[in-house]
S.K.: 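Before I ask anything, let me first share the structure, which is written out below as structure tokens.
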Amino acid sequence: MVSMMNIGHRSLADWGLKYLKLNNDANVLDCGCGGGANIKKLLKLCPNGFVKGIDYSPVSIAKANKVNRGAVSIHRCVVLQGNVADMIFASEWFDAVTAFETVYFWPGPTESFREVYRILRPGGIFLIVNEVDGENPRDSRWLSVIDGMKIFNRSQFVTFLTEAGFSKVIVKRDAKRHWLCVLAIREDAG
């Protein structure tokens, strides 16, 4: 399943990543990293940076470590088991945090997004990429098939992210495919 997700979500991830601009030496966290395919892409986007991944599934962590073993072996990447609602990372350490197809399952969106805000540096970006935008009537079919899934639309994301502390939220949408990309920026203090 994890390998299929790496392949099946490739186009969506590529679409969302085109909106993320990273410095060569960026520190990035991929939340809900699954099979590690997006970690591999992030490592290419910041060739002098460091990429961490977290996921609650031991199977995903094993796969992500295997997919990125070269970067793991030279200490450019680490994949850990963790929970987005209570992350072990230092405050203001990451330049970017990504979440591909995972926020559907996060506990308490505002509280989880507040935790992302805490670990982002001022000027840092939180990128959310979802295959469903909450505006397609057919989206609700997923709710009955996948236990615990919650789908949010653009206005709900703006509300949750603003409540979490983000003052700038940009929403991109592929109307034809109903894909959603949200960029929340932790603006510089002062």
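All values below were derived from every heavy atom in this structure, side-chain atoms included, with hydrogens, water molecules and symmetry-related copies excluded. If you're wondering where the values come from, they're calculated on a predicted model, not measured in any experiment.
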S.K.: Working to the nearest 0.5 angstrom, can you tell me the gap between Glu131 CD and Trp15 CH2?
M.R.: 11.0 Å

S.K.: Look up atom CG in Asp174 and atom CG in Leu12, then write down how far apart they are to the nearest 0.5 Å.
M.R.: 9.5 Å

S.K.: Does the pair Lys44 and Lys41 meet the rule for a side chain to side chain contact (heavy atoms under 4.5 Å, CB included), with working shown?
M.R.: CA-CA 5 Å; Lys44 288 180 183 175; Lys41 292 174 185 192; 5.8 Å; no

S.K.: Let me see the working for Leu43 and Asn68 under side chain to side chain contact (heavy atoms under 4.5 Å, CB included), right down to the final yes or no.
M.R.: CA-CA 9 Å; Leu43 285 161; Asn68 295 288; 3.7 Å; yes

S.K.: Are Cys31 and Val97 packed together at the side-chain level, in the sense that at least one heavy-atom pair is separated by less than 4.5 angstrom?
M.R.: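 In short, these two side chains touch, coming nearer than 4.5 Å.
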
S.K.: What are the two closest heavy atoms between Ser167 and Glu187, and how far apart are they?
M.R.: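 Minimum heavy-atom separation between Ser167 and Glu187: OG-OE1, 2.7 Å.
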
S.K.: Determine, step by step, whether Cys46 and Val51 satisfy the side chain to side chain contact (heavy atoms under 4.5 Å, CB included) criterion, reporting the C-alpha distance in whole Å, the side-chain angles of both residues, the deciding distance to 0.1 Å, and the verdict.
M.R.: CA-CA 9 Å; Cys46 56; Val51 179; 3.9 Å; yes

S.K.: Check whether any side-chain N or O of Arg76 sits under 3.5 Å from a backbone N or O of Gly49 as a donor-acceptor pair, and report yes or no.
M.R.: yes

S.K.: Counting heavy atoms not belonging to Arg177, are there more than 12 under 6.0 Å from its CZ?
M.R.: yes

S.K.: For the side chain of Arg118 and the backbone of Met87, is there at least one donor-acceptor N/O pair under 3.5 Å apart?
M.R.: yes

S.K.: Per the salt bridge (Lys or Arg N to Asp or Glu O under 4.0 Å) rule, which among Lys52, Arg121, Lys21 passes with Asp95?
M.R.: Arg121

S.K.: State plainly whether one hydrophobic cluster holds both Phe94 and Ile88, where clusters connect Ile, Leu, Val, Met, Phe, Trp and Tyr through side-chain heavy atoms under 4.5 angstrom apart.
M.R.: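 Phe94 and Ile88: one cluster.
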
S.K.: With a 3.5 Å distance limit and no angle check, can you tell me whether Lys172 reaches the backbone of Tyr19 through a side-chain donor-acceptor pair?
M.R.: no

S.K.: Taking all atoms of both residues into account, what is the closest heavy-atom pair of Leu127 and Cys181, and its distance?
M.R.: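 Minimum heavy-atom separation between Leu127 and Cys181: CD1-SG, 3.4 Å.
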
S.K.: In terms of the angle between their ring planes, are Phe50 and Trp93 parallel, tilted or perpendicular, with boundaries placed at 30° and 60°?
M.R.: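 Perpendicular: the ring planes of Phe50 and Trp93 meet at over 60°.
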
S.K.: May I ask you to test the Ile125-Leu20 pair for a side-chain heavy-atom distance under 4.5 Å?
M.R.: yes

S.K.: Arg186 versus Glu92: any side-chain heavy-atom pair under 4.5 Å?
M.R.: yes

S.K.: Does any N or O in the side chain of Asn153 come within less than 3.5 Å of the main-chain N or O of Gln156, such that one atom is a donor and the other an acceptor?
M.R.: yes

S.K.: Please assess Phe152 against Phe160 for the test ring-ring contact (aromatic ring centres under 6.0 Å, His included), listing each intermediate value before the final yes or no.
M.R.: CA-CA 10 Å; Phe152 306 114; Phe160 297 144; 5.0 Å; yes

S.K.: Can you name the closest pair of heavy atoms from Gly123 and Ile185 and give their distance?
M.R.: O-CG2, 4.3 Å

S.K.: Using only atom types and a distance under 3.5 Å, with no angle test, would you say the side chain of Arg154 pairs donor to acceptor with the backbone of Glu135?
M.R.: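 Not a single qualifying donor-acceptor pair exists.
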
S.K.: Taking the inter-plane angle between the rings of Phe126 and Trp106 on a 0 to 90° scale, is it parallel (under 30°), tilted (30 to 60°) or perpendicular (over 60°)?
M.R.: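 If you compare the ring of Phe126 with that of Trp106, the planes turn out parallel.
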
S.K.: Is there side-chain contact between Tyr56 and Val84, with at least one heavy-atom pair below 4.5 Å?
M.R.: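 No; the side chains remain at least 4.5 Å from each other.
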
S.K.: Within the 4.5 Å heavy-atom criterion, are Asp133 and Trp179 side-chain neighbours or not?
M.R.: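 Of all side-chain heavy-atom pairs linking Trp179 with Asp133, none is under 4.5 Å.
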
S.K.: Asn130 versus Val103: any side-chain heavy-atom pair under 4.5 Å?
M.R.: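 The answer is yes; the side chains approach within 4.5 Å.
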
S.K.: Taking all atoms of both residues into account, what is the closest heavy-atom pair of Asn65 and Val72, and its distance?
M.R.: OD1-CG2, 3.6 Å

S.K.: Please round to the nearest 0.5 Å and tell me the distance separating atom CG of Leu120 and atom CG of Leu29.
M.R.: 9.0 Å

S.K.: For Leu180 and Val132, work out which heavy atoms get closest and say how close.
M.R.: CB-O, 4.2 Å

S.K.: Can you see which heavy atom on Tyr117 is nearest to which on Gly165, and at what distance?
M.R.: CE1-O, 3.3 Å

S.K.: Give a yes or no on whether Tyr104 and Val182 share a hydrophobic cluster (residues Ile, Leu, Val, Met, Phe, Trp, Tyr; joining criterion: side-chain heavy atoms under 4.5 Å apart).
M.R.: no

S.K.: Do the side chains of Val129 and Glu101 get nearer than 4.5 Å, heavy atoms only?
M.R.: no

S.K.: With hydrophobic residues grouped by side-chain heavy-atom distances under 4.5 Å, do Ile151 and Val171 end up in a single group?
M.R.: no

S.K.: Verify side chain to side chain contact (heavy atoms under 4.5 Å, CB included) between Val67 and Ile39, making sure each step is shown before the conclusion.
M.R.: CA-CA 9 Å; Val67 166; Ile39 290 174; over 6 Å; no

S.K.: Once rounded to the nearest 0.5 Å, what's the spacing between atom CD1 of Ile54 and atom SG of Cys33?
M.R.: 8.0 Å

S.K.: If Ile, Leu, Val, Met, Phe, Trp and Tyr residues are connected whenever their side-chain heavy atoms lie under 4.5 Å apart, and connections chain through other members, are Ile61 and Phe100 in the same group?
M.R.: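 Yes; tracing contacts between hydrophobic side chains, which count when under 4.5 Å, links both residues.
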
S.K.: Would a distance-only check, ignoring hydrogens and angles, find a side-chain to backbone donor-acceptor pair under 3.5 Å from Ser112 to Pro107?
M.R.: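 Yes; judged by distance alone, with no hydrogens or angles, the pair exists.
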
S.K.: Would you compute the distance between atom CD1 of Ile128 and atom OG1 of Thr102 and round it to the nearest 0.5 angstrom?
M.R.: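 Here the rounded value is 8.0 Å.
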
S.K.: Would Ser57 and Asp55 count as a side chain to side chain donor-acceptor pair (under 3.5 Å) if you check the C-alpha gap in whole Å, the side-chain angles of each, and the deciding distance to 0.1 Å?
M.R.: CA-CA 6 Å; Ser57 164; Asp55 202 291; 4.6 Å; no

S.K.: Roughly how far, to the nearest 0.5 Å, is the CD1 atom of Ile170 from the CG atom of Leu161?
M.R.: 11.5 Å

S.K.: Applying a strict under-4.5 Å side-chain criterion to I, L, V, M, F, W and Y, I'd like to know whether Val78 and Phe89 cluster together.
M.R.: yes

S.K.: In the structure I gave you, are the side-chain heavy atoms of Leu42 and Thr98 within less than 4.5 Å of one another anywhere?
M.R.: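 With C-beta onward as the side chain, the pair touches.
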
